[in-house]
Structure formats: structure tokens, C-alpha cells
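Single-structure report; data block below.
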Amino acid sequence: MTAVPSLGSPADSTAMARALALAAEAGAAGDVPVGAVVTDAAGTIIAEGRNEREATGDPTAHAEVLALRGAAAVAGSWNLEGHALVVTLEPCIMCAGALLQARISRVVFGSWDDKAGAVGSVYDVVRDRRLPYRAEVVGGVEAEASATLLGSFFGRRRTSGSR
């Protein structure tokens with residue numbers, strides 16, 4: 001895991017609080033509890049998403065992808081340079097690629113994902129110097145709250161025998 005300071009701005013904390021609420025909604029609906037929001041340069045939330053893979057049967061319905069789609073619609077462009085994505089769990093490879101394609105300038109996340117994370121733990125796609133675009137990364141913002149949601153969700157699944 002690449003050392004990344006867990007320093008968030010007040011706007012990051014506000015955005016993360018909303019992302020955590022979205023994650024709780026996803027978990028209550030039977031999806032992995034991950035929530036994401038996109039903020040503009042002023043730190044205002046312009047779009048949000050929560051995991052909906054189980055609800056929709058869409059393997060790409062990750063919180064980050066849904067938030068990016070909403071932000072592009074609001075911005076009127078796929079190019080989200082100057083925007084930040086705030087998400088409760090470190091993005092996977094698919095989402096890290098989507099972040100780069102959208103030109104997100106900053107990624108803020110809660111819990112590290114030591115199994116599939118792609119912004120500093122297993123991989124570091126969004127800061128790979130071989131790629132033409134990179135994003136700033138801030139990890140560990142409200143990490144404990146995010147880890148608690150995930151731990152409770154997977155604990156319930158193990159107990160119930162669900163997949």
C-alpha cells in the first residue's frame with residue numbers, strides 16, 4: 001500500500017458523509033455498501049451513486065461509475081477535470097480506469113481495499129506515470145466508518161450463507 005496522507009478538507013468530510021449515507025442505502029438494498037459522490041471545484045456535490053449491481057444485474061453498476069455518469073450529465077461533458085470523486089472504498093481497476101477516462105482531478109476514499117484496490121494498495125492506476133493523465137489521491141478519510149459498514153454487511157452475508 002502506498003502511503004497516502006488521510007488528510008481531507010472540510011468539503012471532503014461533508015462529501016464523505018453523503019457517500020457513507022449512500023453506502024448504507026446500498027447495503028440495506030442488498031448491494032455491497034459503497035457510495036460515491038462527485039464534487040465540483042468549489043466542493044459542491046453535483047452527482048452521486050451507490051452500488052447497484054445486485055439491483056440492476058449490471059456488472060458495471062459500481063457507485064463510482066454511476067456517480068461519474070451523473071456528473072457528466074450535469075456538466076454536459078465527459079471531461080470532469082477540476083472535479084473530485086469521493087467514495088467510501090478504494091476504487092477497483094474498472095473504476096480507476098473510468099476515473100482517468102473522465103479526467104477526474106482528485107480521488108478521495110475511505111477504506112483501503114487490499115484485495116482489489118487500484119489507487120494505491122494492490123495497484124496504483126490513477127497515478128501511473130506511464131499513463132497520459134493522473135489524479136491526486138487522498139485515502140483513509142472516514143476509513144473506520146466505511147470499514148464498519150463493509151464488515152457488518154459481509155458478516156451478515158457469512159452468517160446467512162448468502163453469496
Side-chain angles (χ1 to χ4, degrees), residues 1-9 11-23 25-26 31-53 55-56 58-143 145-147 149-150:
M1 197 172 348
T2 303
V4 178
S6 56
L7 305 171
S9 69
D12 292 342
S13 295
T14 299
M16 185 61 77
R18 179 62 188 146
L20 285 164
L22 291 163
E25 290 174 13
D31 270 286
V32 175
V34 177
V37 299
V38 175
T39 62
D40 63 15
T44 302
I45 295 172
I46 64 162
E48 56 186 42
R50 66 178 199 198
N51 273 2
E52 294 184 7
R53 289 188 321 166
T56 64
D58 177 358
T60 68
H62 288 207
E64 299 94 324
V65 170
L66 298 176
L68 288 173
R69 288 176 184 160
V74 168
S77 173
W78 61 268
N79 188 331
L80 299 173
E81 191 166 354
H83 292 74
L85 179 106
V86 180
V87 61
T88 58
L89 180 66
E90 179 184 3
C92 69
I93 292 172
M94 176 184 71
C95 293
L99 294 167
L100 292 177
Q101 290 299 314
R103 305 293 191 260
I104 286 287
S105 297
R106 197 160 173 268
V107 180
V108 177
F109 67 89
S111 295
W112 293 93
D113 185 347
D114 61 359
K115 293 180 181 143
V119 295
S121 60
V122 180
Y123 304 100
D124 198 356
V125 173
V126 299
R127 294 181 290 186
D128 190 322
R129 296 255 175 235
R130 296 170 292 185
L131 298 173
Y133 190 81
R134 285 169 292 287
E136 175 188 349
V137 175
V138 178
V141 176
E142 297 292 336
S146 179
L149 279 172
L150 289 161

Between the main-chain N or O of [Y] and the side-chain N or O of [X], is there a donor-acceptor pair closer than 3.5 Å?
X   : Y    : result
N51 : A63  : yes
D31 : R53  : yes
E90 : G120 : yes

What distance do [X] atom [atom1] and [Y] atom [atom2] have between them, rounded to the nearest 0.5 Å?
X    : Y    : atom1 : atom2 : answer
I46  : D40  : CD1   : CG    : 6.0 Å
L99  : L80  : CG    : CG    : 9.5 Å
R127 : E136 : CZ    : CD    : 9.5 Å
L66  : D58  : CG    : CG    : 7.5 Å

Quick one: closest heavy-atom pair of [X] and [Y], and the distance?
X    : Y    : value
A147 : S111 : N-OG, 3.0 Å
G35  : L22  : CA-CB, 4.0 Å
T88  : V34  : OG1-CA, 3.4 Å
V141 : M16  : O-CE, 3.5 Å
D114 : V122 : O-CG2, 3.4 Å
A47  : A71  : CB-N, 3.2 Å

(request) Answer yes or no: is there a side-chain heavy-atom contact under 4.5 Å between V137 and V126? (result) yes
(message) Before you tell me yes or no, could you show the steps for S9 and D12 under side-chain contact (heavy atoms from CB on, under 4.5 Å), namely the whole-Å CA-CA distance, both residues' side-chain angles and the distance that decides it to 0.1 Å?
(response) CA-CA 5 Å; S9 69; D12 292 342; 3.3 Å; yes
(request) Identify, with sequence neighbours excluded, every residue that meets salt bridge (charged side-chain N to carboxylate O under 4.0 Å, His left out) alongside E48. (result) R18
(request) Could you go through the side-chain contact (heavy atoms from CB on, under 4.5 Å) check for I104 and E64 one step at a time? (result) CA-CA 11 Å; I104 286 287; E64 299 94 324; over 6 Å; no
(request) May I have the step-by-step check of side-chain contact (heavy atoms from CB on, under 4.5 Å) for S105 and Y133, ending in yes or no? (result) CA-CA 9 Å; S105 297; Y133 190 81; 3.4 Å; yes
